[in-house]
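Hydrogens, waters and symmetry mates play no part in the numbers below; they use all other heavy atoms, side chains included.
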Amino acid sequence: MKTLPKTRITLCAGLLLLLQGVSSTRAQPLDLPGSFEMQVMPETVDLVQTANLAINSLTRCTNPDKNYAVYFHGNLTINPIRLSGNQPDSVAHWKLAEPLLLLRLMTGNRANLQVDQHWQASLHDLPDQVPHTHPVHLGRGLAAVAVLCALTEDQQWQTLGIKIVDRLDSFCKRKEDFAYFPVIMHFLADPTRTVSLEEYDEPFPTAWPAMHDAWLVEGLVAFYHQTQYPPALDLAGLLVEHMRAHGKIFGNSGEFQAGHNGYQGPRTALHFHRHTNVLIALLDYAMAKRDEDLAKFVCQCYEYARRQGNPNLGFFPEYLPGAFPDDRHDIVDCEGCCVADMTLLALNLSASGYGNYWEDVDRYTRNMLTEMQLKESTAIRQHISKLPPSPVDPKNETAHQAAQRLVGSFAGWSGPNEFRVWGPGVMQCCLANCSRTIYSVWEKIQEKKQDTLIVNLLLNRVSAAATMRSYLPYEGRVEIALKADLQLKVRLPKWLESSTMRVTDEQGEDISHNLEDSHLNIDTVQAGNTVVLHFDLPEKETTEQVGHLKAKISYRGNEVISFQPAGNIIPYWTDKQVHQANCPETVRSYFVADSVYNLLAMPTAKD
């Protein structure tokens, strides 16, 4: 078991936090009981490292002079790179507060805690802002309150959440057997601003205006789970009834049909993420109510959504092909939010027992979800240095350390093989959605249920139950070091030929096991012992359509190791030197919290 001595763990973890910036006298340490471990890990997909990078962008793309309001855009098309979209009265940070809390719990990273302090304090303004605020900020703000209810014993958060729910309940409009959030701003009527509030005239919202209820449902269901406050689930049910039965969002076969205005005519632009976000809300409610019919409908819609992109690597278009809002000259871009939504849908359908899409979760996570994150600033600066200088607007923009602050952001308009093919490059709604999905996947890599450790994904994971080291895609080897006496149940990916698999301990001695329903089962493994899975790792080459490109792709297992043609603007898949003799390893610090927040956290179809 490749664990460093505990005395060294404590020292290194403390130094790490100091280096990350825990020097602010204004910020109070988060009360997250747990401990740090130093582990020798393979340099393969590691969601804790993804989360640490995301915290950099979440906390640094903010303006301390405006109460840490969020810079919503990162513009990679102008020299120098700059951050923009920062307003003193913005509440966009309410959408980012929940994922920041989740990533803190996941990593123990305490960098820039003053941001959390300001964002959490501002949540108390949320009830009074209901009549003036986009539902995305209201719903995700309430979701942040739900996390605070779970992580603290402070009664103020439950009191605040009840106040928010009651305010929403009184503000939403009723009609027959459903409720809806009224259209109070231009963006809710149509994002192109081609429909004024004076011109908007519907008895109740349909198509694009109907989809905004989804954000509220997500927050309401999350708060209900933590508090069992009945009005939260009751209002969520009324909003779900609006979207499902009256909103004209999905066709009978699950097809997306809730358009907004585009260059081809009224309501012709079909935004992928808005539809999938509605599906997330519907599934949240279905799990809370154990509504099997609604969950099956979500499965049907998910299957339709899979067919609109490339599910082999998780590339899904910002707008449905042929239904763009403008002429993009045959370019098909992928919004980070789309990948995050599809990953979360596949995960929740699988974990709840309403579907079996673990293979999709693995594909999306290994490929687009983690590949479309900015991992360092050098590539950004090299790209921008080729452009002529342009003045910075000091009232609305900042170029101060913009490249470094954007590290950890996710692509807003990604190509199949590069970070940007459209738009300015970064929009932080993608950071919010990708971050909460990263947490959800990480939390479900392995699950301890009574005396059994269930492994759903062959990815790196350090928990109180076990440390998993995945050497994919360098070699067919996964190590599972148990920290308690547990039975082991490991889901095997579809590409793995069980006839090639050998199961041993660290000394190479065979371990008795059996295979059943694509799972490897081992009777109780004693704490301190390591189970090693050895298997052939197939490599295949395909030619397939990904967005606007006909691509030649090489896979090892589910993971892309080569993509042709190569990208231009911050290209993807350039760092996987899988043909070297050994998988590179490194020493890293991991936080193991005493408890984990479960975003799914609902009765499942199996219960």
Side-chain angles (χ1 to χ4, degrees), residues 69-70 72-73 84-92 94-95 125-142 164 166-217 219-220 235 238-250 256-275 277-278 281 318-320 323-327 335 337 395-396 423 427 429:
V70 174
F72 192 75
H73 287 120
S84 63
N86 184 257
Q87 301 298 325
D89 58 348
S90 171
V91 292
W94 288 347
K95 183 175 182 178
D125 299 330
L126 199 154
D128 293 334
Q129 292 297 317
V130 166
H132 319 292
T133 302
H134 193 298
V136 62
H137 306 312
L138 302 175
R140 288 292 174 82
L142 180 57
I164 294 169
D166 292 347
R167 186 71 181 93
L168 287 170
D169 192 58
S170 64
F171 185 73
C172 287
K173 305 298 183 184
R174 260 61 170 192
K175 191 174 181 67
E176 300 169 358
D177 60 343
F178 63 92
Y180 60 89
F181 192 86
V183 176
I184 58 171
M185 58 183 66
H186 291 287
F187 192 87
L188 298 186
D190 195 279
T192 61
R193 296 182 178 272
T194 55
V195 179
S196 68
L197 290 179
E198 294 74 24
E199 294 173 322
Y200 177 75
D201 183 23
E202 285 189 295
F204 54 85
T206 64
W208 172 270
M211 293 193 285
H212 306 296
D213 290 349
W215 306 106
L216 302 180
V217 171
L220 289 163
L235 178 57
L238 294 172
L239 296 170
V240 164
E241 181 66 17
H242 169 228
M243 292 186 290
R244 174 69 182 91
H246 306 282
K248 300 180 180 179
I249 299 172
F250 303 103
F256 296 177
Q257 61 180 31
H260 66 70
N261 292 353
Y263 79 108
Q264 299 179 84
R267 293 193 168 180
T268 57
L270 294 170
H271 193 264
F272 191 96
H273 161 53
R274 285 308 172 95
H275 286 83
N277 185 63
V278 172
E318 182 189 8
Y319 284 84
L320 263 62
F324 280 86
D326 43 44
D327 188 353
E335 181 184 0
C337 296
K395 290 185 178 180
N396 301 302
M427 52 181 167
C429 58

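Pairing each heavy atom of D213 with each of F181, the nearest pair is OD1-N, 3.0 Å. In plain terms, the two heavy atoms of K95 and V136 that are nearest each other are CD-CG2, 3.5 Å. Considering every non-hydrogen atom in both P209 and A189, the closest pair reads CG-O, 3.6 Å. Here the closest heavy-atom approach between residue A281 and residue A214 is recorded as CB-O, 3.5 Å. Considering every non-hydrogen atom in both P205 and Y180, the closest pair reads CD-CD1, 3.2 Å. For the residue pair G262 and A269, the shortest heavy atom distance occurs at CA-CB, 4.3 Å.
Residues L138 and I164 fail the side-chain proximity criterion, which asks for heavy atoms closer than 4.5 Å. Residues H271 and N277 are not in side-chain contact: their nearest non-hydrogen atoms beyond the backbone lie 4.5 Å or more apart. Under the 4.5 Å side-chain criterion, counting only non-hydrogen atoms from C-beta, R274 is in contact with H212. For the pair L188 and P135, the minimum side-chain heavy-atom distance is below 4.5 Å. Contact check for F256 versus F250: side-chain heavy atoms found under the 4.5 Å cut-off.
In this structure T268 satisfies the side-chain contact (heavy atoms from CB on, under 4.5 Å) test together with Q264, sequence neighbours excluded. The salt bridge (Lys or Arg N to Asp or Glu O under 4.0 Å) test applied to D326 returns R328, not counting sequence neighbours. Residues satisfying the side-chain contact (heavy atoms from CB on, under 4.5 Å) criterion with I249, sequence neighbours excluded, are A210, M211, M243, A258, H275, V278. Scored by the side-chain contact (heavy atoms from CB on, under 4.5 Å) test, A179 finds R174, L235, L238, L239 as partners (sequence neighbours excluded). Residues satisfying the side-chain contact (heavy atoms from CB on, under 4.5 Å) criterion with P182, sequence neighbours excluded, are F171, K173, I184. E335 pairs by the salt bridge (Lys or Arg N to Asp or Glu O under 4.0 Å) definition with nothing, not counting sequence neighbours.
Interatomic distance, K175 NZ to E241 CD, rounded to the nearest 0.5 Å: 14.0 Å. A distance of 13.0 Å separates CZ in R244 from NE2 in H242, rounded to the nearest 0.5 Å. With values rounded to the nearest 0.5 angstrom, H132 atom NE2 is found 14.5 Å from H137 atom NE2.
For N261 and T194, the side-chain atoms include at least one donor-acceptor pair closer than 3.5 Å.
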- Task: Take V240 and V217, measure what side chain to side chain contact (heavy atoms under 4.5 Å, CB included) needs, and give me the verdict at the end.
- Result: CA-CA 7 Å; V240 164; V217 171; 4.0 Å; yes
- Query: Please walk me through it: do C337 and F272 pass side chain to side chain contact (heavy atoms under 4.5 Å, CB included)?
  - Reply: CA-CA 9 Å; C337 296; F272 191 96; over 6 Å; no
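The backbone N or O of V130 lies less than 3.5 Å from no partner atom in the side chain of T133, so there is not a single donor-acceptor pair.
Classification of the F187-W208 ring pair by plane angle, with boundaries at 30° and 60°, yields perpendicular.
Taking the six-membered ring for Trp and the full ring otherwise, the centers of Y319 and H260 sit less than 6.0 Å from each other.
Classification of R267 and E202 as a salt-bridged pair holds, one side-chain N sitting under 4.0 Å from a carboxylate O.
Around CG of D327, the count of heavy atoms belonging to other residues, nucleotides or ligands within 6.0 Å exceeds 12.
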